[in-house]
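What you see below is based on every heavy atom in this structure, not just the backbone, and it leaves out hydrogens, waters and symmetry mates. These figures come from a predicted structure and were not determined experimentally.
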Amino acid sequence: MNSNKMTINLALFGMTQSGKSSAGNIILGSTDFHSSFAPCSVTKDCSLGRSCHFHSFMRRGGHEVTLQVQVLDTPGYPHSRLSKKHVRQEVREALAHHFGQEGLHLALLVQRADVPLCGQEESSPVQMIQELLGHAWMNYTAILFTHAEKIEEAGFNEDEYLREASDTLLTLLKSIQGRYIFQYRKGNSLSEQRLKILERIIEFVKENCYQVLTFK
């Protein structure tokens, strides 16, 4: 293993039209994942995207490290066309196939900032994360709030938004040690957005001592 190169493995989970594929493209700096507005679920299959190499992105053990990110995009859950059982099975197989050996550093629960997270339904993406990642899911999950510009448009800042958030969201944030990222679509260039999101992700991965979840 090249100690000067590091690969971070991420998986995206979330409801239909939460912005998973679009978030994946921003993180990767690519258009690997098909992303569009539609009145139904767009993503039907899991797919893996790889970023270019970010040279000298970070330092580890006194050395400059080149970073590469791998992102697994998953179908929305619940899905407008596929059964919950089918989606769960599809994601389970993809996690084992892509991250079985190398492991997963972080699951990103993609949640629209302009849609309140309400009572815990059995069909929620959180439920699927718990089932697929097992009892350690809380150590390997962060929330990525998409459409965060809507918060500013409504006259809130991030702290006010989180203070006013639903009990369901606050309980979830507490259980995952307050790991969250806001993604803004306006103002910032895409590379600026990517940099901010990646820096936060690396922070969480470091706090976790670079540990991974493996899937057999």
Is there a side-chain contact between [X] and [Y] (heavy atoms, below 4.5 Å)?
X: F54; Y: L198; value: yes
X: E102; Y: T214; value: no
X: I176; Y: W137; value: yes

What residues, two or more places apart in sequence or in another chain, satisfy ring pair (Phe, Tyr, Trp, His ring centres under 6.0 Å) together with F99?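 Once residues adjacent in sequence are excluded, F99 has no partner under the ring pair (Phe, Tyr, Trp, His ring centres under 6.0 Å) criterion.
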
Expected output: side-chain [X] to main-chain [Y] donor-acceptor under 3.5 Å:
X: S51; Y: V69; value: yes
X: Q111; Y: F145; value: no
X: N208; Y: N139; value: yes
X: S18; Y: G14; value: no
X: E90; Y: C46; value: yes
X: N9; Y: G103; value: yes
X: R112; Y: G19; value: no

Spacing of [atom1] belonging to [X] relative to [atom2] belonging to [Y], to within rounding of 0.5 Å:
X: I181; Y: E199; atom1: CD1; atom2: CD; result: 11.0 Å
X: L67; Y: H53; atom1: CG; atom2: NE2; result: 9.0 Å
X: F33; Y: L72; atom1: CZ; atom2: CG; result: 7.0 Å
X: D32; Y: S47; atom1: CG; atom2: OG; result: 7.5 Å
X: T141; Y: Q177; atom1: OG1; atom2: CD; result: 9.5 Å
X: T168; Y: L173; atom1: OG1; atom2: CG; result: 11.0 Å

Taking distance alone, no hydrogens or angles, what donor-acceptor pairs closer than 3.5 Å link side-chain atoms of residues 155-166 to residues at least two apart or in another chain?
residue, atom, partner, partner atom, Å
N157, OD1, D159, N, 3.1
N157, OD1, E160, N, 2.8
E158, OE2, Y184, OH, 2.6
E160, OE1, N157, N, 2.9
Y161, OH, A113, O, 2.8
S166, OG, L117, O, 2.5
S166, OG, L169, N, 3.2

NZ/NE/NH1/NH2 to OD/OE distance under 4.0 Å, E203 and R200: yes

Using a 6.0 Å distance limit plus a 45 degree cone around the ring axis, check whether R179 lies over the aromatic ring of Y140. no

Going by distance alone, is a donor N or O of one side chain under 3.5 Å from an acceptor N or O of the other, for D73 and S21? yes

Salt bridge (Lys or Arg N to Asp or Glu O under 4.0 Å) involving R194 - partner list, sequence neighbours excluded: none

Are Y77 and L48 connected, step by step, through hydrophobic side chains (Ile, Leu, Val, Met, Phe, Trp, Tyr) whose heavy atoms are closer than 4.5 Å? yes

Closest heavy-atom pair and its distance - L10, L104: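 Looking at all heavy atoms of both residues, the closest pair is C-CD1, 3.7 Å.
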
